[in-house]
Amino acid sequence: MIQLFHVTKHYEGCIALSDLTLRVEKGECVLITGPSGAGKTTLLKLIFGAEFPDDGQILVQNRNIARLRSTDIPFLRRTMGFVLQDFKLLPHKTVYENVELPLIIRGLSSFDAKRKVSESLRAVGMDHKRATNTSVLSAGEQQRVCIARAVVNSPIILLADEPTGNLDPELTYEITELFKAINARGTTVMLATHNRQVVEQINGRMIKLDCGRLLTDQGTIS
Amino acid sequence: MIQLFHVTKHYEGCIALSDLTLRVEKGECVLITGPSGAGKTTLLKLIFGAEFPDDGQILVQNRNIARLRSTDIPFLRRTMGFVLQDFKLLPHKTVYENVELPLIIRGLSSFDAKRKVSESLRAVGMDHKRATNTSVLSAGEQQRVCIARAVVNSPIILLADEPTGNLDPELTYEITELFKAINARGTTVMLATHNRQVVEQINGRMIKLDCGRLLTDQGTIS
Amino acid sequence: MKRLMYLLREAMRGLRINRANTIIGIITTAFTIASFGVFLLLYHNVRTITGSLQDQIQVIIYLDDAITNQDKSALELALKKETHIESHTFLSKEEALQDFHQQFPEEAYLLEGIGDNPLPASFIVTIAPAPQASSHVSTLATQVKTLSGVEHVRYSQDWVERVTLFSSYLEIGALSVGIILSLASVTIISNTVRLAFLARREEIEILRLIGATGTFIAIPYLIEGAVLGALGGGLSLGLLRGGFEIVRDNIRDLSWVGGVQASINFFPIQMSVMLVMAGLILGCAGSALSVYGWMKIRT
Amino acid sequence: MKRLMYLLREAMRGLRINRANTIIGIITTAFTIASFGVFLLLYHNVRTITGSLQDQIQVIIYLDDAITNQDKSALELALKKETHIESHTFLSKEEALQDFHQQFPEEAYLLEGIGDNPLPASFIVTIAPAPQASSHVSTLATQVKTLSGVEHVRYSQDWVERVTLFSSYLEIGALSVGIILSLASVTIISNTVRLAFLARREEIEILRLIGATGTFIAIPYLIEGAVLGALGGGLSLGLLRGGFEIVRDNIRDLSWVGGVQASINFFPIQMSVMLVMAGLILGCAGSALSVYGWMKIRT
Ligand SMILES: Nc1ncnc2c1ncn2[C@@H]1O[C@H](COP(=O)(O)OP(=O)(O)OP(=O)(O)O)[C@@H](O)[C@H]1O
Ligand SMILES: Nc1ncnc2c1ncn2[C@@H]1O[C@H](COP(=O)(O)OP(=O)(O)OP(=O)(O)O)[C@@H](O)[C@H]1O
Ligand SMILES: [Mg+2]
Ligand SMILES: [Mg+2]
């Protein structure tokens with residue numbers, strides 16, 4: 001599903017990832033941990049095609065991201081869901097419109113869209129705020145809308161970057177269960193987190209990064 | 001130091017705080033917890049003068065915030081430090097410039113400023129990235145710069161909103177220790193958090209909010 | 001359907017939300033197109049005026065008072081054979097005197113004291129408008145001068161050349177100004193749209209992350225640019241019309257250029273429509289320029 | 001010191017980073033000021049031209065050929081006493097003929113056949129320039145007409161009135177256009193700065209959170225506005241100068257308005273400086289408008 005071969009990514013004056021080789025099978029759930037600035041976000045961004053590696057190859061669904069034409073990237077992205085660390089919700093739109101957007105982009109019929117959006121908003125407990133502007137939501141609420149948007153179109157791959165950083169323990173539990181359920185339906189999940197609770201609850205394969213290096217890679221598909 | 005009398009804050013279609021009465025003494029360290037959307041951020045924003053209450057009175061350092069002229073607010077703010085949940089760093093400036101800014105605004109001499117900025121950057125472990133643009137930092141790094149900026153001018157009151165949401169357990173420990181040290185020097189600290197580790201480590205007075213209501217208020221100055 | 005609706009709604013929202021930006025865009029476009037329009041209007045009118053002036057290039061052949069009827073018929077025959085001549089009329093001594101009284105009533109006293117009519121009879125020859133009209137005039141003049149019974153031939157060589165020269169000057173001027181201002185228009189609109197763009201940079205980034213194609217992202221901006229440009233073009237038309245009316249009224253009031261006033265005209269309707277269309281196309285082009293330019297930089 | 005440095009650096013950074021915005025701002029300001037400048041230039045020149053034309057209001061008194069020397073001296077005395085008259089010169093019959101030959105060489109044949117010189121002697125009277133000059137002219141004319149030995153008095157009543165009218169029209173026109181365009185300038189600059197503002201909205205919010213005063217936040221924008229306006233004013237001066245040279249060259253080339261060309265002039269240096277200063281002040285005002293307007297809304 002996802003394969004990285006000797007991937008290196010430099011930024012001005014800092015190495016975000018160095019010589020990383022990794023293989024994630026279809027239907028796996030992988031946790032990525034590591035201290036602040038270890039390269040977790042960079043890793044996820046590379047898989048999503050939001051950054052390009054300086055060196056090495058990245059295969060996602062058997063396509064080489066580094067060689068993909070820029071016009072093909074949107075279509076690859078439509079098969080993935082992404083929960084960003086800084087949310088990236090459209091600020092002038094309501095919760096509903098934000099979650100609906102990936103469906104509009106895919107050209108889904110209005111009827112189908114309505115059902116799917118409501119479903120995923122309910123799953124993260126944000127259905128009661130569907131008509132609210134996202135810019136006025138609390139941080140935890142924004143994070144949940146983000147998760148709803150990522151899962152609304154049943155993606156083949158779900159990438160989540162610190163998805164519970166602004167959530168209380170109870171919600172963290174529920175959201176983690178949601179990720180587990182999505183994974184159980186066959187979606188490949190990669191989850192960057194600092195949260196011990198999440199790590200314990202998922203209890204699956206865990207990759208540990210430090211300063212852009214792969215430190216440990218424990219456990220496989222449970 | 002900080003007193004709230006029957007404070008109520010409505011937003012369109014939702015009550016963020018209702019009839020809250022609270023008293024925080026000088027030198028106290030208060031933890032604010034509660035589920036997502038409980039009103040923690042709103043409470044801190046009211047104390048900081050970034051929002052105004054619909055009803056009730058707020059006294060900060062014996063000044064009534066609701067009655068303060070808008071030209072006086074900047075001067076009140078200069079005595080406070082604020083760590084925001086969404087960081088709010090100036091994106092086109094370096095780490096150093098961001099932390100220096102509160103000092104420039106206060107008109108501090110260049111020599112003093114240099115020392116203070118370096119000190120607080122070292123405290124959060126971001127001194128090695130002082131020349132980096134804040135927009136390219138990882139989330140945890142941004143959060144730490146935010147903390148450095150809040151403490152650089154030894155504020156009388158320090159308000160921190162989820163300051164460890166993007167930090168790994170080790171850094172969370174260190175930052176929490178930093179807050180404790182600042183509190184020990186006489187600064188009043190109010191800290192909104194979901195993190196059990198932080199709650200246990202500080203082990204002080206804890207306020208629990210839910211749906212804008214004060215649920216519990218346990219413990220006093222330890 | 002849903003997608004189309006979304007794109008249209010986005011374009012309208014863009015115009016509404018960035019109202020300041022929209023208004024600036026329209027105003028700058030209007031001003032640029034209007035400055036171009038002023039030249040176009042000037043050119044348009046000078047063309048028609050010089051056209052009608054060139055229609056009236058005349059050679060006046062004054063006849064000897066003692067001309068024989070035979071010489072007169074010979075001269076008339078010669079004029080008829082000349083291909084560059086459009087028409088000719090005969091003006092007798094009496095008609096000439098009448099004309100003089102009519103045209104210069106104040107100077108009429110000049111001729112009062114003199115018993116005899118001092119004005120000669122003449123042929124007034126109108127040259128057919130042609131690119132080389134002025135050279136035809138001079139050859140005709142030298143030919144006719146040699147005929148017997150002709151006292152004097154009058155035509156204004158420089159005046160004809162001057163009109164032709166001015167007309168060609170204006171043509172070059174209008175063309176170059178037109179090109180420069182078109183470029184300016186595209187630049188200004190492109191900058192305006194780029195600003196709208198910068199203001200919504202994050203939105204675009206988010207859309208890309210969700211998997212929107214470049215076209216999907218660009219369309220609202222292209223629509224915005226087109227609407228901006230068209231409105232700017234319309235406004236410029238209004239400005240031009242207003243300015244034109246003021247100028248015409250003043251000219252009429254003062255009746256300084258008496259002969260000319262009748263022929264000052266606004267653009268015909270097709271040209272007006274074309275001006276608005278030009279705004280629309282420039283707006284779209286400006287948008288495209290900045291949208292695609294910007295997208296190229298970003299992944 | 002450090003604060004001042006910071007504010008200046010911020011202003012420069014604003015101009016540099018929002019380069020598109022800056023350029024648009026300068027161009028729009030330049031265009032607006034230039035459009036105003038065109039009117040000012042026109043007004044300036046028409047003022048000087050009509051001024052010099054009004055200097056030359058003349059009344060021509062044609063004398064009877066049979067005038068006695070006594071009548072002539074009486075007439076001259078009367079002219080000398082008249083206060084509105086600036087100067088008068090006598091033109092004898094011979095001089096009149098010479099003048100005619102010089103001025104209308106082509107029409108000279110008109111007078112050839114006639115033995116006697118048909119042109120009368122005349123006094124050419126120049127009226128002192130004054131607001132009521134045209135009324136003085138007509139009263140003078142009626143007075144002089146009754147004197148013996150005067151055959152005819154000629155003056156162009158309408159022409160004088162026309163010049164006065166045109167001059168006052170232009171004054172009103174320039175004033176109203178000036179006011180409208182000044183408002184437009186302020187609006188455009190204010191919008192431009194507001195855009196710069198919107199683009200940096202978050203920065204301002206952050207500064208407020210850190211405890212910056214309104215003044216501290218506003219100063220860089222005010223400097224930006226002033227620089228923008230001044231550069232716009234300078235550019236407009238350049239545009240005007242360029243346009244002016246082109247127009248003057250064309251006028252000279254064509255020598256259509258021969259008498260006028262000498263008196264077409266660009267602004268004097270003080271007026272140029274004032275134009276740039278106007279840009280600066282408008283820029284600053286526009287900035288202030290949008291900065292303070294915006295800050296009022298926000299806490
Ligand atoms: N665009 C960029 N330019 C320069 N440096 C960058 C850029 N993006 C990231 N970095 C640096 O690369 C390193 C890794 O960043 P990354 O965001 O992957 O960390 P992370 O593991 O996600 O950290 P966190 O837990 O704090 O989110 C950091 O030191 C960061 O400063
Ligand atoms: N400007 C606003 N307009 C409308 N509603 C708002 C606004 N700001 C906050 N709210 C609402 O008020 C409620 C309380 O928000 P607040 O940010 O205080 O929550 P919080 O306790 O900080 O939550 P979190 O833990 O998720 O950060 C939320 O439901 C939020 O949607
Ligand atoms: Mg990260
Ligand atoms: Mg909050």
Side-chain angles (χ1 to χ4, degrees), chain A residues 44-46 48-53 65-66 68-93 97-114 117 134-135 142 145-146 149-150 152-153 155-157 159 161, chain C residues 1-23 25 193-224 227 287-299:
Chain A
L44 293 178
K45 277 185 177 166
L46 284 170
F48 198 60
E51 297 276 2
F52 290 98
I65 293 242
L68 217 57
R69 276 177 306 146
S70 69
T71 46
D72 286 334
I73 288 183
F75 298 96
L76 183 68
R77 281 190 187 160
R78 290 184 191 178
T79 65
M80 303 201 239
F82 200 118
V83 182
L84 289 148
Q85 212 163 2
D86 48 356
F87 315 150
K88 300 271 187 209
L89 294 169
L90 290 175
H92 301 297
K93 295 198 180 302
E97 283 168 340
N98 262 282
V99 178
E100 189 190 20
L101 206 55
L103 302 178
I104 289 180
I105 286 170
R106 281 162 186 83
L108 237 78
S109 85
S110 181
F111 179 77
D112 253 19
K114 216 164 186 167
V117 173
T134 52
S135 58
Q142 286 188 37
V145 174
C146 235
R149 185 180 64 185
V152 69
N153 201 41
I156 299 172
I157 298 172
L159 307 172
D161 196 357
Chain C
M1 253 325 284
K2 185 113 187 149
R3 262 201 267 197
L4 195 73
M5 280 288 299
Y6 172 85
L7 295 174
L8 278 175
R9 241 187 307 126
E10 278 303 288
M12 288 312 125
R13 191 178 66 88
L15 290 169
R16 221 176 42 239
I17 282 192
N18 288 297
R19 205 170 293 152
N21 205 343
T22 306
I23 291 167
V193 174
R194 186 172 310 150
L195 275 185
F197 229 77
L198 284 175
R200 284 185 268 161
R201 180 169 29 188
E202 231 196 308
E203 270 183 54
I204 292 163
E205 212 186 307
I206 294 170
L207 283 172
R208 301 229 82 177
L209 285 177
I210 298 175
T213 55
T215 316
F216 186 89
I217 294 171
I219 284 173
Y221 292 94
L222 294 184
I223 297 175
E224 257 186 76
V227 170
S287 263
L289 211 75
S290 75
V291 171
Y292 287 108
W294 196 84
M295 288 220 246
K296 239 188 206 158
I297 315 168
R298 288 284 179 144
T299 330

### Query
Taking only residues two or more places apart in sequence, or in another chain, which ones meet A:Lys93 in a side-chain hydrogen bond (donor to acceptor under 3.5 Å, both in side chains)?
C:Glu10
### Task
Starting at CD1 of C:Ile210, measure out to CZ of A:Phe82 and round the result to the nearest 0.5 Å.
12.0 Å
### Query
So A:Lys45 and C:Leu209, side chain to side chain contact (heavy atoms under 4.5 Å, CB included) or not? Walk me through it.
CA-CA 10 Å; A:Lys45 277 185 177 166; C:Leu209 285 177; over 6 Å; no
### Query
How many angstroms lie between atom CD1 of A:Ile105 and atom OG1 of C:Thr213, to the nearest 0.5 angstrom?
8.0 Å
### Exercise: identify the closest heavy-atom pair between C:Gly211 and A:Arg78
O-NE, 2.9 Å
### Query
Between A:Arg149 and chain C, which part of the residue has a heavy atom less than 4.5 Å away: side chain, backbone, both or neither?
side chain
#### Entry: For A:Phe87, all residues meeting ring pair (Phe, Tyr, Trp, His ring centres under 6.0 Å), sequence neighbours excluded
none
### Task
First locate atom CG of A:Leu84, then atom CD1 of C:Ile206, and finally report the distance between them rounded to the nearest 0.5 Å.
8.5 Å
